[in-house]
There are 2 protein chains.
Amino acid sequence: MGKINKREIIIEEAAKIFKAKGFAASSMRELAEQVGVEAASLYNHIRSKDEILEEICFKVAHIYMSSILAVDDLEISSTEKIKRIISAHIQLVTTHSNDVAVANVDWKNLSETKKNLYKEIRKGYEQRIAAIIKKGIETGEFKDVNVSVALFTLLSAIRWVEQWFKPNRSISAEELEKDMITLLINGLKK
Amino acid sequence: MGKINKREIIIEEAAKIFKAKGFAASSMRELAEQVGVEAASLYNHIRSKDEILEEICFKVAHIYMSSILAVDDLEISSTEKIKRIISAHIQLVTTHSNDVAVANVDWKNLSETKKNLYKEIRKGYEQRIAAIIKKGIETGEFKDVNVSVALFTLLSAIRWVEQWFKPNRSISAEELEKDMITLLINGLKK
DNA sequence: CCTACCGATCGGTAGG
DNA sequence: CCTACCGATCGGTAGG
């Protein structure tokens, strides 16, 4: 086991703890115990507590962004684009549940500089989704609703799946995806 | 100005700070400065930092619950019930933005006992909304989707309005409510 | 409502 | 990777 692997274990365990208690309420001593070393030893693998948070937040931000870029230039309908974005994001949220939870809540605890960068990236992918919705409204595919309301209704519904979804029980990841697309595109009403 | 008023000011300012930085990352000294007294003086009005968090979380939980109880027994369609619940929750989220933000995120920092109580209350109103959705599916008003997916898509979309909604700009609280009901009940697609 | 202060805990470093 | 430890900051109290 080289250093790289141990580092990944530390960040993975950190994401679990941060999700459960929040970044500021989680201590390096607690993390060390979970990993199985003394607190001082963590610093052979990571530079600081802040660095762990940065790594988690930007990992999530970049996956979000690239999953939108992958769809953006395709020659498909706005409806199909939104469907694929929902699908990709649900994939992310269900496979990286801890990371998404931390990024959603604890980005506030990033340093001023990193926080601004994070907000910029997030704004970037929000604007790309907004543009898709806008075009769909113009072409008559979508209802004439406020673009921000449509954007954030979509994003909120997806982002917070990690808070309640347990994939083993009476519902699978596939069913989740199918039903969320149905609800967001066609609504609850029959 | 009696003690009650000052106490309310403290809790109001606390909600602002907790929303911006999270409960654990917010200090009593910072809160004191915002209120305009020394840190020690806060304790003439509140018992502890924890007490402030409890007050905020349970205030929100009880408003949520009562807004559902107000609708639950009415002799109206499931669609109409869901519409009214969306409407009431958006009302709460837009008027108590800071409190809702804190309750959504920092309930994790409640003491074990209070946290369990909070989760119980929250589960209570989630189950009532789930029952309404279930009935709507049975009567054929709603599509045959997984009840949990429908429930949490609805709740997530509403709960996180506080994260992006600024009521003064290009969109009013009324437009927000109208469009969210449209999207959640009838979907984005025309 | 303030001054003065306490014990606990924090992130992190030195040195081996 | 550990022992030993530091300075800073925390929530909160005593006493007036």
Side-chain angles (χ1 to χ4, degrees), chain A residues 1-58 102 105-115, chain B residues 1-58 102 105-115:
Chain A
M1 297 296 171
K3 274 197 178 181
I4 294 165
N5 217 323
K6 192 60 168 276
R7 187 186 154 88
E8 279 165 11
I9 290 169
I10 290 170
I11 293 173
E12 212 175 295
E13 289 300 322
K16 277 187 211 167
I17 297 172
F18 293 172
K19 175 178 182 175
K21 316 181 66 168
F23 173 76
S26 305
S27 77
M28 295 302 276
R29 282 155 176 83
E30 191 181 358
L31 173 56
E33 194 181 15
Q34 204 65 31
V35 173
V37 296
E38 290 300 316
S41 304
L42 292 172
Y43 293 89
N44 292 308
H45 303 284
I46 52 110
R47 250 183 288 264
S48 67
K49 191 188 179 191
D50 283 344
E51 193 192 46
I52 301 177
L53 180 62
E54 287 163 20
E55 196 135 328
I56 294 171
C57 288
F58 287 103
V102 173
V105 169
D106 281 321
W107 63 270
K108 291 174 208 160
N109 292 303
L110 290 168
S111 68
E112 209 59 35
T113 317
K114 297 287 181 179
K115 184 161 62 180
Chain B
M1 296 294 172
K3 275 198 175 182
I4 294 165
N5 218 325
K6 192 59 168 276
R7 187 185 153 88
E8 278 165 12
I9 290 169
I10 290 170
I11 293 173
E12 213 175 293
E13 289 300 323
K16 278 188 211 167
I17 297 172
F18 294 172
K19 176 179 181 174
K21 315 183 63 168
F23 173 76
S26 305
S27 77
M28 294 303 276
R29 281 154 178 83
E30 192 181 357
L31 173 57
E33 194 180 15
Q34 204 64 30
V35 173
V37 294
E38 290 300 317
S41 305
L42 292 173
Y43 293 88
N44 292 308
H45 303 284
I46 51 109
R47 249 184 288 263
S48 66
K49 191 188 179 191
D50 283 345
E51 193 192 46
I52 300 177
L53 180 62
E54 286 163 19
E55 196 135 326
I56 294 170
C57 289
F58 287 102
V102 173
V105 168
D106 281 320
W107 63 269
K108 291 174 208 161
N109 292 303
L110 290 168
S111 69
E112 209 59 34
T113 317
K114 298 286 180 178
K115 184 160 62 181

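A quick note: this is a predicted structure, and the numbers were derived from the prediction, not measured. Below, read A as the first sequence line, B as the second, and so on, with proteins coming before strands; counting in each chain starts at 1.
- Using a 4.5 Å cut-off on side-chain heavy atoms (C-beta onward), A:Phe23 and A:Asp50 make contact.
- The nucleotide range of DNA chain D contacted by chain B, defined by atoms under 4.0 angstrom from heavy atoms of the protein and reported 5' to 3', is D:dC10 to D:dT13.
- Across B:Phe18 and B:Ile56, no two heavy atoms sit closer than the pair CD1-CD1, 4.2 Å.
- Contacts between residues 24-35 of chain B and DNA chain D, defined by a heavy-atom separation under 4.0 Å, are made by B:Ser26, B:Ser27, B:Met28, B:Arg29.
- Under a cut-off of 6.0 angstrom, the local environment of CD in B:Glu33 is sparse, with at most 12 non-hydrogen atoms contributed by other residues, nucleotides or ligands.
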Working for side-chain contact (heavy atoms from CB on, under 4.5 Å), residues B:Gln34 and B:Lys16: CA-CA 10 Å; B:Gln34 204 64 30; B:Lys16 278 188 211 167; over 6 Å; no
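- Under the 4.5 Å side-chain criterion, counting only non-hydrogen atoms from C-beta, B:Leu31 is not in contact with B:Lys49.
- Summarising the geometry, atom NZ belonging to B:Lys115 is positioned 9.5 Å from atom NZ belonging to B:Lys108; distances are rounded to the nearest 0.5 Å.
- The side-chain heavy atoms of B:Lys6 and B:Val37, taken from C-beta on, include a pair separated by under 4.5 Å.
- With B:Arg7 contributing its side chain and B:His45 its backbone, the two residues share a donor-acceptor pair below 3.5 Å.
- Remark: C:dT3 base-pairs with D:dA14. Criterion, Watson-Crick or G-U wobble with two distances under 3.5 Å.
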